[in-house]
Amino acid sequence: MGNGKQTILELDRIVKRYRTKGFFFGAHGQDVIALNEVFIKILRGEIFGLVGESGSGKTTAGRLIVRLEQPDQGKIYLDGRDITGLKGKASKDYSRRVQMIFQDPYQSLNPLLSVFDTISEPLIIHKIGNAEAREDSVWQAMKSVGLSPPHDFAHRYPHQLSGGQRQRVAIAHAMVLKPEFVVADEPTSMLDASMSAQIFNILLEMRRRLKVTFLFITHSLAAARYLCDRIAVMYKGNLMEIGPAEEVLRNPKHPYTQALMDALPKFVHSGGVKRYETLLQAEREVSGYVGCPFFVRCKVARAPKCSREKPPLKKLDDSHSVACFYAEPGIKTRSGGKA
Amino acid sequence: MSGKSLDNRRVQKFHWMSRFLSGWAIFRQSFLGKIGLTLLALFALMALCSFIPPLVDPMYQPMAGVDPEISTVTGPSTRHWLGTDFMGRDLLSQLLAGARVAFMVGVSAAFMSVFLGTAIGMIAGYMGKFADTLLMRLADIIMVMPALVVLLMLAALFGQLSIWFIVFFIALFRWPGVSRVIRAQTLSLKHRPFIEAARVAGASHLRIIFRHITPNVLPLSFLYMTFQVTSAIIIEAALAFLGFGDPRTISWGMMLQWVWKTGHMFNAPYWLLPPGICISLITLSFYMLGRAMDEVLDPRLRKEGQTD
Ligand SMILES: Nc1ncnc2c1ncn2[C@@H]1O[C@H](COP(=O)(O)OP(=O)(O)OP(=O)(O)O)[C@@H](O)[C@H]1O
Ligand code: SF4
Ligand SMILES: [Mg+2]
């Protein structure tokens with residue numbers, strides 16, 4: 001993605017904490033920091049991938065964007081306007097522009113509403129068109145997600161659909177408002193491989209036809225590579241690396257990203273796979289440190305710097321940034337164990 | 001296009017029907033359900049028949065009709081199938097009228113309490129925070145108050161209570177149980193992704209409550225209604241038996257009170273037994289109906305409500 005593209009959505013140093021309850025009265029549990037000063041700019045028209053292992057805060061980021069939750073610190077801008085404090089009509093208008101596809105299609109559809117009613121619901125909420133126009137929009141949305149012929153599906157209820165069909169309904173539900181920005185939270189993690197591929201193609205087609213911008217959340221590097229223009233790698237709520245998908249996955253600069261690549265299953269014929277071995281077998285013992293979030297598992301870490309300071313996001317070139325003291329353009333971090 | 005809409009509605013109706021039929025299939029396998037339903041049908045028939053005796057002869061009027069030739073307790077005869085009470089009033093017509101009153105009291109009190117309980121439970125569960133705490137503490141307070149004792153005190157203070165006041169009061173005392181269950185169900189629904197999807201789509205709170213939450217809790221409310229009917233009938237009967245019923249209506253509890261007050265407890269079984277048996281059986285049958293419905297709803301609630 002070149003620099004000419006304009007930013008559509010911006011997360012500006014977002015912090016989100018969850019307060020977990022203690023077991024006993026008064027005893028406060030520890031706060032979980034789901035997002036720690038996350039700074040991301042998403043460009044209009046791109047598919048932006050958010051990858052990271054389970055619990056890294058990907059879903060939380062998505063939920064903040066669709067305003068299911070509020071950040072503790074930081075701001076979120078859509079087209080340069082802060083949306084964190086929207087209320088009433090402004091909030092409702094926002095929901096016309098920004099939608100979400102949820103992870104589990106078995107949970108994201110109301111069991112008592114037919115497919116037709118589910119998809120027309122957003123149109124009714126926003127009072128778009130009359131009954132006839134709405135019906136047309138619903139048929140159209142159904143066709144575009146591959147639920148055709150539509151009248152075969154319109155009157156079915158969720159329990160009469162397969163997982164893949166349910167997810168198509170959920171996508172149609174998100175798309176029928178013709179939003180500009182869509183958060184897709186692991187939309188295929190509950191589906192098999194061929195169904196996933198079909199869903200990906202639907203998303204690509206949506207982007208092509210409707211110029212939708214996607215935030216695509218996944219833990220699958222393969223899916224990210226196939227679908228995304230740029231990706232951000234998260235670890236425990238921290239942004240570790242951000243850049244063009246191809247570049248980041250082919251030539252990862254952050255020890256954590258490199259560890260992720262190592263964790264991919266290797267196939268016999270996949271020649272040229274690099275092994276970085278940046279992951280410690282046993283976690284480092286640390287007490288109350290404020291350094292790099294990856295320090296406890298980073299093999300190439302160097303004390304004392306890594307344990308004392310949090311590495312800032314450093315630009316390697318104009319599109320690729322890494323939050324590691326020792327990442328350098330063109331040089332593998334692995335070779336830096338000498339000092 | 002309107003053809004398609006029409007089609008949509010028809011299919012929807014069909015869907016509800018098929019849901020009902022599949023529920024009915026489970027219900028029919030329940031032994032309790034079949035007995036309960038049969039008994040209830042009999043009681044309903046009794047309530048319907050209560051209109052007949054007064055038409056046959058004015059002396060069969062349950063309250064005001066007195067046999068001109070009898071002025072004391074008599075046993076069953078061809079003229080009075082169950083006998084007469086101490087003033088020569090026909091016991092069978094009183095028993096039939098009692099069925100009507102039992103249904104009226106039971107169903108209307110249950111309806112009101114379930115309506116209140118459902119509304120309050122949904123508000124508490126959905127709004128959470130302050131409203132939740134306030135409403136649930138109120139529910140606790142009411143729940144520990146003995147309804148019967150409070151009603152007796154009110155009756156002692158204000159003299160005879162009308163039957164509608166009694167119905168209303170039963171409802172006022174019985175909603176907390178329902179509201180607790182509905183609140184729990186609402187809480188579990190509130191964080192389900194399909195509710196969040198509706199929120200992301202811009203749905204207002206009212207729309208979420210009425211479109212998404214209410215239809216998912218109503219089956220549960222309906223189930224609770226049968227149990228509420230049982231307790232309403234028992235409370236009214238107890239009140240009437242203790243002499244605090246509405247003197248202008250004839251309920252089975254009232255009949256028992258007359259037996260007791262006129263000292264015929266042990267020498268007029270034809271007077272004592274029928275209302276006693278009827279009270280036991282009608283509450284039992286509503287209870288059995290509820291249990292059977294519980295069996296119908298439970299797998300469905302699990303299947304469509306809490307798929308994991
Ligand atoms: N409602 C909540 N209450 C408390 N903690 C929460 C809540 N939601 C998320 N968290 C915590 O925040 C962190 C980030 O969670 P999140 O769901 O965003 O991760 P994720 O990257 O989406 O993981 P996954 O790939 O498993 O979906 C986790 O440690 C999680 O336990
Ligand atoms: S900053 Fe240090 S600890 Fe963190 S990833 Fe880089 S080398 Fe490892
Ligand atoms: Mg997630």
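Lettering follows sequence order; numbering is per chain, from 1.
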Q: What residues form a side chain to side chain contact (heavy atoms under 4.5 Å, CB included) with Tyr287(B), not counting sequence neighbours?
A: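 With neighbours one apart ignored, the set is Phe227(B), Thr230(B), Arg291(B).
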Q: Using non-hydrogen atoms and a limit below 4.5 Å, what part of residues 90-103 of chain A faces chain B?
A: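 Near chain B, by residue number: Lys92(A), Ser95(A), Val98(A), Gln99(A), Met100(A), Phe102(A).
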Q: Of all of Ser204(B), Ala198(B), Gly202(B), which one pairs up most often with chain A through heavy atoms under 4.5 Å apart?
A: Gly202(B)
Q: Is the CZ atom of Phe222(B) crowded by more than 12 outside heavy atoms at less than 6.0 Å?
A: no
Q: Restricting to non-hydrogen atoms, name the atom on Pro193(B) and the atom on Ser108(A) that form the minimum distance, rounded to 0.1 Å.
A: CB-CA, 3.9 Å
Q: Residue by residue, scan residues 167-182 of chain A and write down, ordered by number, those that have a heavy-atom distance under 4.5 Å to chain B; if none do, write 'none'.
A: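 If one takes a 4.5 Å heavy-atom cut-off, the residues of residues 167-182 of chain A near chain B are His173(A), Leu177(A).
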Q: Would you please name every residue forming a side chain to side chain contact (heavy atoms under 4.5 Å, CB included) with Lys211(A), sequence neighbours left out?
A: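 In terms of side chain to side chain contact (heavy atoms under 4.5 Å, CB included), with neighbours along the sequence ignored, Lys211(A) is linked to no residue.
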Q: Got more than 12 heavy atoms from elsewhere within 6.0 Å of OH, Tyr77(A)?
A: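 Check passes, neighbour count above 12.
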Q: Heavy-atom distance under 4.5 Å between the side chains of Leu113(A) and Pro215(B), does that happen here?
A: no
Q: Kindly compute the distance separating CZ (Arg211(B)) from CG (Asn110(A)), expressed to the nearest 0.5 Å.
A: 8.0 Å
Q: At what distance, to the nearest 0.5 angstrom, does CD1 of Ile125(A) lie from CZ of Arg199(B)?
A: 12.5 Å
Q: Tell me, yes or no, whether the heavy-atom count around Met190(A) atom CE, taken from other residues, nucleotides or ligands under 6.0 Å, exceeds 12.
A: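 Enclosed: over 12 neighbouring heavy atoms sit under 6.0 Å from CE of Met190(A).
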Q: Should we say atom CZ of Phe27(B) is surrounded by more than 12 heavy atoms from elsewhere, each under 6.0 Å from it?
A: yes
